[in-house]
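Take a look at the structure below.
The model shown is predicted, which means the values in this text are computed figures rather than measured ones.
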Amino acid sequence: MKKINLIVLLLFVLTILQAQAQQQPLPPLVSVSGVGEVRVQPTEVVVNLGVETREKTLEAARSETDKKAAAIINYLKKQGVEAKDIQTSYVTLQPMHTGGEYGRTTPDFYLAQKNMNVTIKKLNRFDEILSGIYNVGVNHVHGVNFQVTDLEKYKAEARKKAVADAKQKASALTAELNAKIGRVYAINEGGNGGGPRPMYKSVMMESAAYDGAGGPSIAGGEVVVTANVDVSFIIE
């Protein structure tokens with residue numbers, strides 16, 4: 001019985017201590033958000049391209065699409081694009097009915113599609129490669145995405161700028177009240193944590209084969225890498 005009473009007493013004391021710890025007032029704080037931004041030239045571009053084939057039979061549609069896809073991959077490899085930079089992203093094969101006759105079971109044709117993401121690491125060859133893939137079977141390009149290869153380095157740089165920005169803001173705020181900041185009480189990385197976003201100067205979604213001006217048909221602009229931090233400093 002005495003042992004049970006002792007355990008109950010210890011639990012009671014622990015509960016009181018926890019309650020007191022939770023009720024302790026926070027020190028005087030200044031809380032700010034800092035933003036860091038790094039702008040860099042893109043080093044590569046990811047192109048989403050595809051093949052679409054319409055044939056009377058399912059096997060013919062599949063076979064023709066696979067044939068064109070193989071020709072595209074073979075062409076890209078000859079242009080110096082590595083196998084790891086070519087990735088199939090979407091495949092579909094389905095019957096298509098264009099007529100409105102109710103109860104029809106025989107399709108008018110079969111549609112086969114195959115899309116792939118291709119990373120081109122030599123931006124100065126983009127026009128040449130895009131023109132070539134049209135000639136070997138590509139019949140649609142869904143979009144391009146500019147990016148940088150050494151992204152983590154720029155994320156770290158942006159994060160460092162965000163921390164410096166937060167410290168500068170906190171110092172400016174406390175200085176107005178004739179105070180100064182002390183040690184860091186809490187810090188948290190917010191937002192998307194340095195996700196890149198493209199800043200296009202000019203983009204034309206056409207290949208060099210259709211570019212009457214004879215100049216480059218696409219401009220990468222800049223890739224902007226951002227970081228956001230929330231910091232609380234103790235006010236001295």
- prompt: For the hydrophobic clusters of this structure (ILVMFWY residues joined by side-chain heavy atoms under 4.5 Å, transitively), does one cluster hold both Val184 and Leu29?
  reply: no
query: Linking I/L/V/M/F/W/Y whenever their side-chain heavy atoms sit closer than 4.5 Å, directly or via other members, would Tyr90 and Val141 fall into one cluster?
result: no
Pairwise distance CE(Met96) to OH(Tyr110) - rounded to 0.5 angstrom: 12.0 Å
- prompt: Considering all heavy atoms of both residues, which atom of Phe146 and which atom of Pro42 are nearest to each other, and what is their separation?
  reply: CB-CB, 3.8 Å
- prompt: Lys160 and Glu157: salt bridge (charged side-chain N to carboxylate O under 4.0 Å, His left out), yes or no, with the steps?
  reply: CA-CA 5 Å; Lys160 185 177 180 180; Glu157 185 178 344; over 6 Å; no
- request: First locate atom NZ of Lys67, then atom CD1 of Ile72, and finally report the distance between them rounded to the nearest 0.5 Å.
  value: 12.5 Å
- prompt: Just how far is it from atom CZ of Phe109 to atom CD of Gln94, taken to the nearest 0.5 Å?
  reply: 9.0 Å
- line: Here the gap from Ile73 atom CD1 to Lys78 atom NZ, rounded to the nearest 0.5 Å, amounts to 13.5 Å
query: Quick check: are there more than 12 heavy atoms from other residues, nucleotides or ligands sitting under 6.0 Å from CD of Gln87?
result: no
- line: Shortest non-hydrogen pair, Gln41 vs Val148, comes out as O-CG1, 3.5 Å
message: Would a single hydrophobic cluster contain both Val46 and Ile86, if residues Ile, Leu, Val, Met, Phe, Trp and Tyr are joined by side-chain heavy-atom contacts under 4.5 Å?
response: no
task: Flag the pair Tyr75 / Asn135 as yes when at least one side-chain heavy-atom distance between them is below 4.5 Å, and no otherwise.
output: no
message: Using only atom types and a distance under 3.5 Å, with no angle test, would you say the side chain of Thr43 pairs donor to acceptor with the backbone of Thr149?
response: yes
- prompt: Just how far is it from atom OG of Ser89 to atom CG of Leu49, taken to the nearest 0.5 Å?
  reply: 8.0 Å
message: With a 4.5 Å cut-off on side-chain heavy atoms, are Leu111 and Thr92 touching?
response: no
task: Please report the C-alpha distance between Val144 and Phe126 in whole Å, then the side-chain angles of each, then the deciding distance to 0.1 Å, and finally whether the side-chain contact (heavy atoms from CB on, under 4.5 Å) criterion is met.
output: CA-CA 11 Å; Val144 297; Phe126 175 84; 4.1 Å; yes
Which pairs would a plain distance check flag for residues 113-123, meaning a side-chain donor or acceptor within less than 3.5 Å of a matching protein atom at least two apart in sequence or in another chain?
from	atom 1	to	atom 2	distance (Å)
Gln113	NE2	Glu52	OE1	2.9
Lys114	NZ	Asp66	OD1	2.9
Asn115	ND2	His142	NE2	3.2
Asn117	OD1	Asn48	ND2	2.7

message: Minimum heavy-atom separation for Val136 and Ala71, please, with both atom names.
response: O-CB, 4.0 Å
statement: Heavy-atom closest pair (Gly182 atom, Phe233 atom, distance to 0.1 Å) is O-CD2, 3.9 Å
message: Would a single hydrophobic cluster contain both Leu173 and Val229, if residues Ile, Leu, Val, Met, Phe, Trp and Tyr are joined by side-chain heavy-atom contacts under 4.5 Å?
response: yes
statement: Distance col, row Arg62:CZ vs Leu93:CG, nearest 0.5 angstrom, shows 8.5 Å
- prompt: Same cluster for Leu26 and Val30 if Ile/Leu/Val/Met/Phe/Trp/Tyr side chains link at under 4.5 Å?
  reply: no
Can you give the donor-acceptor pairs under 3.5 Å from side chains of residues 163-171 to other protein atoms, not counting sequence neighbours?
from	atom 1	to	atom 2	distance (Å)
Asp165	OD2	Val35	N	2.9
Asp165	OD2	Lys169	NZ	3.3
Lys169	NZ	Ser33	O	2.9
Ser171	OG	Lys167	O	3.0

statement: Nearest heavy-atom contact between Ala61 and Ala112 is O-CB, 3.5 Å
query: If you take all heavy atoms of Ala179 and Ile235, which pair is closest and at what distance?
result: CB-CG2, 3.8 Å
